[in-house]
Amino acid sequence: MTKLVYAFHEGQKDMKELLGGKGANLAEMTRIGLPVPEGFTISTKACSDYYDHDGQISEALTDQVMTALKELESKTGKTLGGSDQPLLVSVRSGSVFSMPGMMDTVLNLGMNDETVDVVAGLTDNARFAYDSYRRFIQMFSDVVLGVESFFFEQELSKFRREKGYESDPELSAADWKEVIEAYKKIVKRHTKTPFPQDPKEQLFLSIKAVFDSWNNQRAVIYRNLNDIPHHLGTAVNIQSMVFGNMGDDSGTGVAFTRDPSTGEAKLYGEYLINAQGEDVVAGIRTPQPIASLQRDLPDVFEQFIDTANRLEAHYGDMQDIEFTVENRKLFILQTRNGKRTAQAAIRIAVEMVHEGVIDKEQALLRVDPEQLDQLLHPRIDHSDDVEKLTKGLPASPGAATGQVVFDPDEAELLKGKGQNVILVRTETTPDDIHGIVAAEAVVTSRGGMTSHAAVVARGMGKACICGCGEMQIDMKAKSFRVGNTTVNHLDTITIDGGTGEVMLGEATMIPPQLSDEFETILQWADETRRLGIRTNADTPQDAQKAVEFGAEGIGLCRTEHMFMDPERVPVVREMILADDLDNRQKALDRLLPMQVEDFTGIFRAMGPRPVTIRLLDPPLHEFLPDKEELLVGITRMEIQDPGAPELAEKKKILKSVRLLDEFNPMLGHRGCRLGMVYPEIYEMQSRAIFKATAALSEEGVEVQPEVMIPLVGHVQELKAMRKVVEDAAIAVTEETGVSFTYTVGTMIEIPRAALTADAIAEEADFFSFGTNDLTQTTFGYSRDDAESKFLQHYLDHGVLEHNPFAVLDTEGVGKLVETGVTLGRKTKPGLKTGICGEHGGEKRSIAFCHETGLDYVSCSPYRVPLARLAAAQAKVNESSRTVNV
Ligand code: PEP
Ligand code: MG
């Protein structure tokens with residue numbers, strides 16, 4: 001019989017796949033003797049079993065749960081539903097990868113009309129017993145029976161109002177009894193059946209609800225965002241309850257062993273006296289900093305510090321720990337590797353190496369390359385006199401400016417229209433996830449550093465401020481007030497998640513300052529990686545930025561962007577509209593000095609580093625006005641001013657536009673096909689490259705030009721274009737008397753080029769895989785059409801796992817890359833190969849490039865640090881494939 005259920009003492013930390021992260025860690029903590037309440041884990045295999053049985057709990061699973069329950073009862077000396085010593089349990093989800101707040105939890109299960117009285121008698125605390133029962137009814141009804149919490153909260157507010165109470169602690173046992181009766185009526189009204197009294201029925205319904213919550217909307221969105229496979233399923237942890245709400249010597253809290261925002265090595269956390277766990281996480285009450293536990297319960301604090309240190313040392317990573325104190329006794333309910341900002345991830349990794357906890361290779365794997373992006377963005381210039389509005393808790397660093405919205409749906413809607421918004425809420429719940437995704441930043445008036453908003457925003461690398469107590473939000477009026485200032489819906493604010501400041505209007509931004517730890521980890525990455533890292537840059541400014549970020553060369557300089565400069569467009573059009581070679585040459589002669597200036601600037605910025613310059617690629621009509629607009633203009637002119645001198649000119653342009661019009665420009669007259677028909681264009685560009693090279697060589701500046709021919713599909717194309725380039729080089733040397741070195745290579749971005757790479761390599765000094773076009777031509781998708789029409793459908797229906805324009809399709813496009821490299825190197829061993837499509841800045845694609853033996857990846861300047869780290873991780877993972885959970 002397949003084992004589906006494991007008691008805590010049967011598991012350990014390496015069993016995450018089976019027991020989920022939470023279950024594996026509860027087992028591990030039990031194993032090393034920490035104070036963990038007894039319990040058992042229903043495995044992820046059981047979840048698959050449940051889905052295999054069309055959402056039914058099988059007999060085998062029922063039997064195993066009953067056996068585990070008996071064992072739990074005998075260990076605790078309590079019985080579920082017992083009239084002597086009733087056992088109360090929590091039922092919590094726990095998947096392989098942590099998905100905080102995404103799935104459901106039920107606490108205090110086992111409570112019913114009878115056990116509540118027994119608990120009241122045993123604890124001599126009737127108020128506590130009834131409070132726990134009403135929490136159970138509300139939570140169970142929401143999670144299991146589908147009766148929204150809102151109805152219960154509304155009832156409770158009404159009750160408080162009628163009795164003149166300000167807060168819940170004022171309610172007596174008798175009050176809670178009344179509330180419970182009202183709650184039961186709500187359940188009856190909505191479900192048409194009484195609240196279930198049988199604890200076993202409660203248990204199995206809850207298990208089912210947790211399994212079902214794996215597929216709730218927010219969990220699915222979270223998995224999509226974080227690339228977590230949908231088939232993994234969740235485990236369910238059943239654990240005997242301990243109570244933080246038994247009075248003032250009880251409490252509950254969450255702590256990180258290091259600061260998850262900055263990485264500073266000091267215990268960082270919050271707790272609430274006389275409360276249950278959900279009160280902290282939900283951000284409903286703003287908790288106390290953990291240091292005040294030292295004042296309130298010094299013995300417990302000391303024991304907690306010991307435990308936290310022990311857990312961090314045991315796991316060798318920063319831990320996020322949930323704990324409860326019941327009548328001065330400490331219990332650990334959960335530990336996991338804590339989610340952290342990029343800044344914290346880097347600092348913790350570097351400091352742990354210095355502390356001797358981990359080695360450099362482990363440190364490199366501790367930082368997600370995607371996260372680095374957070375650190376490369378501008379910060380607020382605080383010397384600017386922007387109006388400071390208020391200050392809250394700096395829950396997740398980063399600066400953001402946007403329009404205020406209060407509703408997550410609206411945040412999503414406006415983001416879709418290209419507007420930047422900041423989501424302002426009293427507190428957030430997991431149902432707000434789509435609004436948090438859409439917003440530039442999140443601000444809440446309540447909740448602490450471990451509230452839902454804070455944890456989720458940090459995980460996403462979004463700026464977040466919590467507990468902005470001065471902020472009075474009026475949801476109805478769609479505004480908030482701070483003192484005398486009112487900020488309305490869609491007003492612009494700026495927030496600094498690093499300081500907690502909220503400012504009115506838009507603030508000036510200044511470039512980021514990178515920490516020493518950032519430099520250190522990237523230096524370790526450079527020592528480790530095999531792949532070279534280049535950048536895609538078309539201007540000296542971008543080139544300069546990329547060098548600052550560590551680029552070792554330019555892998556793609558797209559020259560068409562130089563033609564798009566508004567001052568040059570008229571000359572470019574003259575060149576395109578020329579009736580004969582003579583006139584075209586005249587226009588090209590005017591473009592030549594401009595291009596020389598372009599290349600000189602880029603060469604200077606790059607110094608001795610290699611610079612791959614791609615000759616003109618897009619179809620010529622891209623430099624001409626839009627056909628529809630021209631037609632409208634001409635028609636209007638013909639009616640309003642038929643004698644206008646520009647009319648003839650416009651008509652001439654329209655004629656050319658019509659001539660150049662293509663059915664499918666992506667597959668049309670572009671790339672080297674332009675150079676084949678108009679070699680004078682490529683000749684002018686090559687001359688410009690070499691004139692710049694010669695002039696700089698004269699000055700003593702070392703330059704390494706690499707001329708690249710785009711969209712080659714047949715070796716004859718490359719052969720012909722190579723000749724154009726070589727002739728230009730000879731001509732420039734003759735003119736200037738300066739000799740120089742250069743190479744000529746090709747992009748491999750057409751399947752035929754990859755398949756005939758052995759022949760193409762005869763004419764090429766290097767290959768650069770243009771995986772943007774190679775993806776288009778391999779799939780037969782035009783990117784723009786695919787992304788706007790059907791790609792999302794494919795992703796939603798699992799036809800494709802990733803957008804192949806973002807993550808390289810290793811099975812198809814990748815096979816062509818492999819073939820291209822192998823065939824190319826068969827002809828020319830050691831042929832230099834790189835990638836310059838967008839995939840060159842994506843971590844999984846970079847790993848593929850490493851494995852395929854490419855020499856370098858090239859990506860946009862801001863992704864260079866990411867690429868350096870991802871390349872190092874690929875190298876480290878070569879020997880040990882590690883899953884970062
Ligand atoms: C490519 O096709 O991958 C490439 C880099 O060229 P472009 O995106 O300019 O077509
Ligand atoms: Mg291309």
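Start at 1 and go down the list; that is how both ligands and their atoms are numbered. Computation of the quantities below employed the complete heavy-atom set of this structure, encompassing side-chain atoms and omitting hydrogens, waters and symmetry-equivalent molecules.
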- request: Kindly assign one of parallel, tilted or perpendicular to the pair Phe599 and Phe603, based on the angle between their ring planes and the thresholds 30° and 60°.
  value: tilted
task: Please confirm whether Glu838 comes under 4.0 Å of ligand 1, counting heavy atoms of the residue only.
output: no
task: Would you tell me whether Thr777 and Arg752 have side-chain atoms, one donor and one acceptor, within less than 3.5 Å of each other?
output: no
task: Assess the side chains of Thr612 and Arg534: does a donor N or O sit below 3.5 Å from an acceptor N or O?
output: yes
statement: In Leu696, Thr693, Val703, the residue satisfying side-chain contact (heavy atoms from CB on, under 4.5 Å) with Phe740 is Thr693
- prompt: Side chain, backbone, both or neither: which part of Leu774 comes within less than 4.0 Å of ligand 1 when only heavy atoms are counted?
  reply: neither
- prompt: Quick one: does ligand 1 sit under 4.0 Å from the side chain of Met747, the backbone, both or neither, non-hydrogen atoms only?
  reply: side chain
- prompt: What protein heavy atom sits nearest atom 9 (O) of ligand 1, and how far away is it?
  reply: Arg558 NE, 2.8 Å
- request: For atom 6 (O) of ligand 1, find the nearest protein heavy atom and state the residue, atom name and distance (0.1 Å precision).
  value: Arg614 NH1, 2.9 Å
- prompt: Any side-chain heavy atom of Gln595 within less than 4.5 Å of one from Ile613?
  reply: no
Under 3.5 Å, side chain of [X] to main-chain N/O of [Y], donor-acceptor pair present?
X      : Y      : value
Gln685 : Leu616 : yes
His669 : Arg673 : yes
Asn772 : Glu838 : yes
Gln704 : Pro608 : yes

- request: Only heavy atoms count here, so choose which of Leu711, Asn772, Thr775 is nearest to atom 4 (C) of ligand 1.
  value: Asn772
field: Selection from Cys836, Ser768, Ser858 by shortest heavy-atom distance to atom 5 (C) of ligand 1
entry: Cys836
field: Heteroatom proximity flag, Glu560 to ligand 1, N/O under 3.5 Å
entry: no
N, O or S of Glu749 under 2.8 Å from the Mg ion (ligand 2): yes
The Mg ion (ligand 2) to Asp773: nearest N/O/S atom name: OD2
Atoms of ligand 1 less than 4.0 Å from [X] heavy atoms?
X      : result
Glu749 : 1 (C), 2 (O), 6 (O)
Asp773 : 1 (C), 2 (O), 3 (O), 10 (O)
Gly770 : 1 (C), 2 (O), 3 (O)
Leu556 : 5 (C)

